[in-house]
Every structure is written in C-alpha cells, then in structure tokens.
Novice: 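Okay, handing you the structure first.
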Amino acid sequence: MSLEESKHMRPLFFYLSILCLLTFACENKEQRPSSINGIWKSIGSGWILHIEDSTHYALYDITSISCLPGRASDLQEILPALELNRDTLSLLKGVVRYQFTRGEALPDHCREDLGREQQDNPLYNFDVFAETVKEHYAFFQLNDLNWDQLYHQQRGKLSERSSEEDLYKVLEETLEILKDNHAYLEATEEFYEALEEDEEDNQELVQKEESLPEYGDFQIAAMVAKHHLEEEMTKDSWLIQWGKFTDNIGFVQVKSMWLYADLDIPPSMIEDVGFVDAYVETFHKMEEGEYIEKEVKGVQKIMDQVMHDLSDMDALVFDIRFNGGGQDAVSFEILSRCVSGIQLVAKQKLRHKNQFSPEQSLYIEGVQDPFSKPVYVLTSPQTGSAAEAFAIATMSLNHVTRIGSHTSGAMSTALEKTLPNGWVFAISNEIYMDTQGENYENIGIPVDVELGYPEDRQTFFRAIADGLLEDKQNILTAITNLRDE
C-alpha cells in the first residue's frame with residue numbers, strides 16, 4: 001500500500017472503529033436491565049425483593065431452608081428510597097443503604113405454602129432461626145463461639161413433640177449464649193397470655209428488691225433535667241428538655257432516639273394499650289423507611305427550637321446517659337446541628353454468609369449555621385444502640401468532648417426476622433465502626449473524661465438520684481478542667 005493510499009484508509013479505519021464501538025455500546029445497552037422490575041437478592045440481610053410491573057413490591061425473609069413473605073405494597077411506597085446503579089439496587093432505610101443484586105427467579109420454596117403442621121413444628125422453627133443466625137450473626141469470633149457445637153447442643157433439647165414454651169425457652173437461652181446486645185425474641189400475644197407465671201420465684205425477687213427504689217430511664221432523665229436546668233426553655237416536647245445549665249452553658253437532655261414521629265394514633269388505641277405500645281403497633285404497619293423519615297421530621301422541628309433558644313450559649317451539654325437508643329437517623333439529625341458541611345462519621349458492614357459486605361461510609365450532612373463552640377456529650381453504660389451512634393459520630397468532631405463513662409457496647413443494627421409460627425426475633429448482623437475502622441461492640445464508645453459511673457443500671461440510677469447536686473458539680477468540674485487545659 002502506498003503512502004497516499006494509507007492516508008485515505010486512515011479515515012475509513014477510524015469510522016469503522018467508531019461504528020464498532022457504537023454497535024458494541026448499543027448491544028451492551030440493550031443487555032442492561034431497562035427497569036428495576038424483577039428479583040433482587042440482598043447482600044447481608046436475608047431478603048428477596050420482588051418488583052412487578054413497576055407498580056408493586058413484595059419482600060421475603062429467606063434462608064437456605066425457608067422463604068417467608070414479609071411486607072407487600074404499592075411500589076410508590078419505597079420508590080423514593082430506591083437507587084439503581086448498574087446491576088446493584090440499593091434501598092435506603094434511615095442512614096443505611098441496603099444493597100441488592102439481581103436474581104433470575106424466586107426460589108422454589110418462596111412459591112410453596114407452608115402447612116399449619118410445618119408452621120408450628122418446633123424443630124423447623126428452630127432450624128429457620130438457626131440458619132438465620134448462621135448466615136447473619138456478626139460476632140461469633142468476637143464472642144469466641146463455636147456455632148456448629150452450639151447448634152447441636154440447643155437443637156438436641158427439642159423434638160417434634162416439644163411445646164411452644166419449650167421452644168421459647170431454648171430460643172431465649174440460645175440468644176443469651178450468643179451474648180448479642182441487640183437480640184430479642186417476641187412471641188404472639190396468645191402465647192404470652194397462655195404462660196403461667198411462677199409466683200414463688202417472683203415473690204422471692206420482690207422481697208429481695210422491695211427495700212430499694214427502682215427508676216426508669218425516662219424518670220431519672222427527667223429528674224436530672226429538672227435539677228440541672230437553671231432556666232427551663234422546653235416547649236412542646238417531653239423527649240428532649242433544654243435550657244441553661246449555667247448562665248453561659250446550654251443543656252440538652254435527650255431521653256430517646258425514637259417516639260418523635262407523628263403517626264396519627266387514635267386516642268382510643270392509646271387509652272387501651274398505652275402510648276408506647278400503640279406507637280409500636282402503628283409503626284409496624286408502615287414501611288420502615290417511611291416510618292424513619294417521620295421520626296426525623298419530628299425531631300427536626302424540636303431541634304430547630306432548641307438551637308434557636310441556645311444559639312447564644314458559649315458551650316452546649318448533650319446528656320444521653322439515660323438514652324437506650326432508637327433510630328440512628330434521629331441521632332444524626334440531632335448531631336447535625338453541630339456539623340459543618342458533609343462529615344464522615346462512621347463505617348459499617350453486614351455479615352453475609354461466611355464473609356462481610358463491602359464497607360459503607362456513613363455521613364452527617366450539617367446545617368447552614370452549625371454550633372461550632374465547645375460541645376460536651378455525657379454518656380454512661382446505659383447509653384445504648386442509636387445513642388451510641390450519636391457518641392461514635394462525635395469522635396469525628398474536633399469541638400466535641402465526651403464526659404462520663406463508656407457506652408453499653410450495643411452498636412450493631414438489629415436484623416429483625418419472622419419465624420414460621422409468627423414469632424419475631426432479631427440478631428446483630430452489622431459491624432459498626434468509627435472512621436478508622438475500630439469496632440466498639442461489647443466494650444462501648446470511650447470517653448475523654450472518666451467519671452466512674454457504675455455498670456449496673458439501678459445502682460447507677462440510684463447514685464444519680466441520691467446525688468443530683470454532686471452530679472452537676474462533677475460535670476461542671478470536668479468542663480472547667482477541659483477549658484483550663
């Protein structure tokens with residue numbers, strides 16, 4: 001080929017190359033899924049999400065031996081929380097995005113109806129429970145547990161003829177052996193109504209404890225707020241109290257990281273079962289992501305007022321010592337008032353079969369005019385769950401100092417599942433870490449200034465109740481010493 005011919009051929013090769021690339025791209029584009037319809041399998045949560053006709057969805061709890069239907073509803077309910085990125089679909093619930101990969105079809109056992117006999121079979125229920133633990137429990141190594149040995153030991157206590165009470169006791173005992181800080185088991189109302197209480201044991205316990213006062217966490221928190229606030233500023237809130245700790249230090253008592261949502265609960269329902277039970281029953285009928293959004297919206301309104309009232313203070317104290325948790329999204333919303341920009345505050349990963357899902361970074365999006373002066377966060381061994389998410393997030397903020405004692409060490413999100421017989425249980429399937437990858441499960445989030453709070457719940461509450469003046473003075477002394485450093 002001559003030089004002149006080659007000059008003319010180059011454009012032809014170029015156009016042919018472009019045509020091939022475009023053809024390849026078009027073929028690939030045609031092969032890519034054009035919608036979110038279909039079967040999606042979660043990474044680390046034991047869920048299958050089935051989306052049909054871009055209008056409806058159904059969620060299933062799945063193990064290697066079971067497939068139990070969960071929530072099914074109009075797709076619009078979760079559509080704002082879905083995000084498709086190539087072959088991965090994510091579902092946002094609170095602060096975590098749960099990842100799903102595309103599957104070909106529903107497993108066969110998702111199409112089969114369980115007979116009543118199998119639904120109530122104690123061995124089958126235990127095995128579904130056991131498979132869930134095996135596939136998702138995150139802390140076998142941390143708690144030095146041999147699951148195969150524990151499984152055979154616990155299953156051997158049951159038979160086809162075991163009673164519901166036998167099954168309940170074995171499941172509860174297994175969860176205790178797992179040392180899971182977030183585990184729980186809830187049977188049906190009918191089961192609890194059928195249980196007979198052991199009056200002799202209860203009477204013995206009452207006799208031992210009757211001479212000592214018992215305090216609830218909300219009760220002791222309210223006592224502290226009433227004593228410590230020199231000027232009460234609380235408006236339209238019973239979960240957060242605020243005001244002046246001293247002339248120039250603001251005080252914010254956060255009792256809980258849930259119960260903020262406006263769920264439009266009928267007054268008659270509250271009268272029948274009480275507010276908390278009515279609240280729980282109502283939100284369990286909702287899609288989880290929608291419920292969490294309502295929690296955030298509720299606390300947002302309160303925190304707007306809190307920061308308006310305390311913006312002129314030289315420092316703020318957040319007291320979460322008696323806060324047992326709730327929703328991480330609520331914790332992050334409260335703390336966002338002290339964050340500028342978008343701040344990386346934690347990382348998490350989920351147990352998935354014999355490994356873990358990829359790490360996911362958790363961020364707090366700050367507010368336009370954040371409180372950037374010193375912030376002091378009070379924690380204790382009774383600071384748990386979502387309140388610990390608040391505590392671990394403060395580790396990324398230079399102007400925040402933690403005072404008190406380490407938190408409870410119940411960091412993981414609880415993965416809730418349903419058994420064939422209708423009982424509900426939860427296990428910890430998440431490793432929750434600080435931005436450096438450190439995990440504080442069991443040991444709790446450390447403090448910068450140690451005040452030596454008792455580990456025992458009632459011992460700690462009584463010490464505070466009997467020494468409110470001393471408690472406030474200890475906090476003020478810690479703050480003064482920090483300012484003098």
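Residue numbers run from 1 in the order of the sequence given.
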Novice: Give me each pair satisfying disulfide (SG to SG under 2.5 Å) with a member in residues 41-71, each pair once, sequence neighbours excluded.
Specialist: Cys67-Cys110

Novice: Tell me the closest heavy-atom pair linking Thr101 and Ile43, and the distance in Å.
Specialist: CG2-CD1, 3.8 Å

Novice: Can you run down the salt bridge (charged side-chain N to carboxylate O under 4.0 Å, His left out) pairs that involve residues 146-155, sequence neighbours left out, and say none if there aren't any?
Specialist: Asp127-Arg155

Novice: Only pairs at least two apart or in different chains count here, so list each salt bridge (charged side-chain N to carboxylate O under 4.0 Å, His left out) that has a residue in residues 128-141.
Specialist: none

Novice: Taking only residues at least two apart or on different chains, which pairs with a member in residues 88-118 satisfy ring pair (Phe, Tyr, Trp, His ring centres under 6.0 Å)?
Specialist: Trp47-Tyr98

Novice: Show the atom names and distances, to 0.1 Å, of all donor-acceptor pairs under 3.5 Å that link a side chain in residues 317-333 to residues at least two apart or in another chain.
Specialist:
from   : atom 1 : to     : atom 2 : distance (Å)
Asp319 : OD1    : Arg321 : N      : 3.1
Asp319 : OD1    : Arg321 : NE     : 2.9
Asp319 : OD2    : Gln253 : NE2    : 3.1
Asp319 : OD2    : Arg321 : NE     : 3.4
Asp319 : OD2    : Arg321 : NH2    : 2.9
Arg321 : NH1    : Tyr453 : OH     : 3.0
Arg321 : NH1    : Asp471 : OD1    : 2.7
Arg321 : NH1    : Asp471 : OD2    : 3.3
Arg321 : NH2    : Asp471 : OD2    : 3.1
Asn323 : OD1    : Gly325 : N      : 2.9
Asn323 : ND2    : Val254 : O      : 3.1
Ser331 : OG     : Ala386 : O      : 2.6
Glu333 : OE2    : Arg337 : NH2    : 2.9

Novice: Considering residues at least two apart in sequence or located in another chain, which fulfil the ring pair (Phe, Tyr, Trp, His ring centres under 6.0 Å) criterion with Phe283?
Specialist: Tyr291

Novice: Show me the pairs that pass side chain to side chain donor-acceptor pair (under 3.5 Å) and involve residues 402-411, at least two apart or across chains.
Specialist: Glu388-Thr407, Glu388-Ser408, Thr394-Arg402, Ser405-Glu450, His406-Glu455

Novice: Which residues pass the ring pair (Phe, Tyr, Trp, His ring centres under 6.0 Å) test with Trp258, not counting sequence neighbours?
Specialist: Tyr279

Novice: Sorted by first residue and then second, give each salt bridge (charged side-chain N to carboxylate O under 4.0 Å, His left out) pair with at least one member in residues 103-120; sequence neighbours left out.
Specialist: Arg116-Asp120

Novice: Would you list the pairs meeting salt bridge (charged side-chain N to carboxylate O under 4.0 Å, His left out) in which at least one residue belongs to residues 407-418, sequence neighbours left out?
Specialist: Asp61-Lys417

Novice: What residue pairs, at least two apart or across chains, pass disulfide (SG to SG under 2.5 Å) with a residue in residues 117-163?
Specialist: none

Novice: Mind checking what makes ring pair (Phe, Tyr, Trp, His ring centres under 6.0 Å) contact with Phe191, not counting sequence neighbours?
Specialist: Tyr168, Trp423

